[in-house]
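This report concerns only the one structure given below.
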There are 2 protein chains.
Amino acid sequence: MKIDTIRDIAERAGVSVTTVSRVLNNRPDVSRATQEKVRRVMKESHFVGNANARGLKRADQEMVAVIVRGRQNPFLSALAEEMLQCAAPGKAPFALEYIDEQADEFHHALMLTHSRRASGLIFLGSRIDDRCHAIDGVNLPMVFATVTTQGTPMARASSVSMDDRAMACQAIEALLQRGHEKIAVFGGDRQGTDSLALRALGVEDAFHHRGMQLEEGRYVETRFTLSDAYEAALSFFRRCPDTDAAFCMSDTVALGVIRALVDLGRRVPQDVSVLGIDGIEMGRYSLPRLSTVAQPIGKIARESVAVLTEMMESGAHARHVTVPASLVLRESVREA
Amino acid sequence: MKIDTIRDIAERAGVSVTTVSRVLNNRPDVSRATQEKVRRVMKESHFVGNANARGLKRADQEMVAVIVRGRQNPFLSALAEEMLQCAAPGKAPFALEYIDEQADEFHHALMLTHSRRASGLIFLGSRIDDRCHAIDGVNLPMVFATVTTQGTPMARASSVSMDDRAMACQAIEALLQRGHEKIAVFGGDRQGTDSLALRALGVEDAFHHRGMQLEEGRYVETRFTLSDAYEAALSFFRRCPDTDAAFCMSDTVALGVIRALVDLGRRVPQDVSVLGIDGIEMGRYSLPRLSTVAQPIGKIARESVAVLTEMMESGAHARHVTVPASLVLRESVREA
DNA sequence: CTCCTTTCCGGTAACGTTATCGGTAACGTT
DNA sequence: AACGTTACCGATAACGTTACCGGAAAGGAG
């Protein structure tokens, strides 16, 4: 099946290809009459321009790619959507790309966006590891959201993030303040310098302030999925039944932990308090309603786009922005 | 900032552009030595080909687009991911595109995929309305998943779906069988011929079989979000407190309804049973665990890709496939 | 009437890649 | 020695679009 080109349209409308192109791009220098004629022919022929050809010719089309690390992560999905809202009407269109959290798709996705000649890149995901070092040699304005690149080999890229360390510290302090002492932490790999590692440091800060320390056995590593968190919590709480609070480095994990606790016959929050991070919508409707350290999704999105635009337009250097998070206490943490 | 082209690489490696292109596409007719030389230069220069130029030249690249209607829909997200898994290693790459459920983005997304010269399209979403009629004139192999196009103006497109009418009927029968009589239904617009309308018919079927009828006031229209479902349920159950069961046409809605019931002091399932549709992962970990009519995500994905492939390769006509769903009874529905 | 704008339109050369065709060298085969 | 075969490689023409330049026609100012 042959698809029409502007040449076909031009012929059918009795004008030149240039004119068709002009109409296609709503340029002013086409008379009312020709414009309507061309449009009519285009509509009749169900004409759709060739994005590849256009992209080849116009290098300045200002497309920015958003790579989301973690396919089923409601927090990142919500954030990604918020980013799309930031796309000003006449401005750069966004292309979304989801990659797996574990697999080595980052490099692949990066090459893809680069090969499409994107003029900017936003990365969403709390984890950065060696796989992300692939940005070397890709000279593109880049912003990492929800994780800082400060002090990493990737500092060439800007970043917009919370103060993860302070956030985690504040969270633990809230639990300590409510009389919890046997606190478990459900997080990820503590290696590296990403959000998860910083939060682990923040946890220690809080304990140190009180001259205490997180017991080693109470740090539980888990992937950030419901099923993994559930299983991890099940086996942990069987092992350490005296634990009376859990701080989870993601709301999804927190929800899995709550379910496991209930299955073990423990009540939340009467027996065990559970505190998450992210502020996903589900946390407002879960049983019990989830207490969490809410990240300001809108602000992160706007700030990321702003920083990227700045880099793209004025070639500015990388900046590292910190936005404030807020502790939201709901039902899953007991009263003081 | 200038980006290298194969011409630059060719010059630097002392070969012709043709040879570079050959290396880029792993063609056999390049000597070991030249191949390595070119590859080395490409690596050193951090060369990335121009996808636009390639796409322009090669019309046969077999790219298929997946349009998902509903941005924050965990069921559709899971289904979309499953689709990507179906992408055979050497076969067509998939491009994902999320559109809003309400807004008129469908036409826009369709044009986008068409302009990129996709060779096939999969649409994910239970709702089809006038906005989708835009497929007229777009002569592309298409498959609608989770909704049937049989008997609609869009029957040119294939579809893979459950038997929505039977599903809903089975769901209501399960509730009736457990002694529920005052059943509320939380669904969407009953107009049209999409999944939601079919499910509404299925509900009536079940009542008719018993010589009963769904009371008009007990059909609650709501958008399929947690917040809307919550609000709708809150006001409905205040109005009809004698209702003892709710059938929700999406798990997300069911979760919102449960939260509303608890806030009204009703216990689930002791006072009110709640039954959903979809089979999202959250339903396995919620409190109480959600009973649901589970759709076979893997099967839908595989079947959709298979039908599309068939249409693309052999130019086959549209087919309408029905896959079986299964009732999963968990905690949110009381025992018989 | 001339000259100068303004408005509108068309011809042509790119953009970066791949397909096609053709050519050269090296090696067997008779 | 002549020929066919194989393995490599290069020049060139597309692909569909837009940028650039130039030109015709119409109107306004002097």
Q: To the nearest Å, give me how far apart CD1 (B:Ile3) and C1' (C:dT17) are.
A: 15 Å
Q. With a 4.5 Å limit on heavy-atom distance, are the side chains of B:Ile9 and B:Ser45 in contact?
A. yes
Q. Are A:Thr34 and A:Ser31 close enough that a side-chain donor and a side-chain acceptor fall under 3.5 Å?
A. yes
Q) When Watson-Crick pairs (N1 to N3 and N6-O4 or O6-N4) and G-U wobble pairs (N1-O2 and O6-N3) count only below 3.5 Å on both distances, what is the dot-bracket string of DNA chain C, with | for other-strand pairs? A) ||||||||||||||||||||||||||||||
Q | Contacts of A:Arg54 that satisfy salt bridge (Lys or Arg N to Asp or Glu O under 4.0 Å) - sequence neighbours left out | A | none
Q: Ignoring the backbone of A:Ile6, work out which of D:dG10, C:dA19, D:dT18 is nearest its side chain.
A: D:dT18
Q: Scan residues 43-56 of chain B against DNA chain D and write down, sorted by residue number, each residue with any heavy atom closer than 4.0 Å; if none is found, say none.
A: B:Leu56
Q. Taking atom P of C:dG16 as reference, at what distance in whole Å does atom CG of B:Asp4 sit?
A. 11 Å
Q) Do other residues, nucleotides or ligands put more than 12 heavy atoms under 6.0 Å from the NE2 atom of B:His46? A) yes
Q: Scan residues 25-39 of chain A against DNA chain C and write down, sorted by residue number, each residue with any heavy atom closer than 4.0 Å; if none is found, say none.
A: A:Val30, A:Ser31, A:Thr34
Q. Roughly, in whole Å, what's the span from CG in A:Leu24 to C1' in D:dA19?
A. 15 Å
Q: Verify the contact: side-chain N or O of A:Ser16 to OP1 or OP2 of C:dG11, cut-off strictly under 4.0 Å; return yes or no.
A: no
(Q) Strictly distance-based, threshold 3.5 Å: is any side-chain N or O of B:Thr149 a donor or acceptor partner for the main-chain N or O of B:Thr152? (A) no
Q.
Tell me which one of B:Met142, B:Met311, B:His320 satisfies side-chain contact (heavy atoms from CB on, under 4.5 Å) with B:Ser158.
A. B:Met311
Q | Residues B:Arg127 and B:Ser195: side-chain donor-acceptor under 3.5 angstrom | A | no
Q: Would you check if B:Arg117 and B:Met63 make a side-chain contact, meaning some heavy-atom pair closer than 4.5 Å?
A: no
Q: Report which part of the nucleic acid A:Thr19 touches: base, sugar-phosphate, or nothing (heavy-atom distance under 4.0 Å, all strands).
A: sugar-phosphate
Q: Check whether any side-chain heavy atom of A:Arg69 lies under 4.5 Å from a side-chain heavy atom of A:Phe123, and answer yes or no.
A: yes
Q. If you take atom types as modelled and just measure distance, does the side chain of A:Arg117 reach the base of C:dG16 with a donor-acceptor pair under 3.5 Å?
A. no
**Q.** Under the salt bridge (Lys or Arg N to Asp or Glu O under 4.0 Å) test, residues paired with A:Arg40 that sit two or more places apart
**A.** A:Glu44
Q: Check B:Ala109 against B:Glu97 and note the closest heavy-atom contact, atom names and distance.
A: CB-CG, 4.1 Å
Q. How many Å lie between CZ on B:Arg22 and C1' on D:dA11, as a whole number?
A. 11 Å
Q: Run the salt-bridge test on A:Arg319 and A:Glu310 with the 4.0 Å N-O cut-off and return the result as yes or no.
A: yes
Q. Would you say a side-chain N or O of A:Ser21 is under 4.0 Å from OP1 or OP2 of D:dT18?
A. yes
Q: Kindly indicate whether the side chain of B:Lys57 and the base of D:dA14 share any N or O donor-acceptor pair separated by less than 3.5 Å?
A: yes
Just the table, please: protein N/O against nucleotides 23-27 of chain C N/O, every pair under 3.5 Å.
none

Q | Rounded distance (Å) that lies between atom C1' of D:dT18 and atom CD1 of A:Ile9 | A | 17 Å
Q: Let me see the working for B:Arg71 and B:Glu105 under salt bridge (Lys or Arg N to Asp or Glu O under 4.0 Å), right down to the final yes or no.
A: CA-CA 12 Å; B:Arg71 290 182 187 279; B:Glu105 293 184 62; 3.1 Å; yes
(Q) If you define the side chain from C-beta out and look only at heavy atoms, does anything of B:Leu110 sit under 4.5 Å from B:Leu121? (A) yes
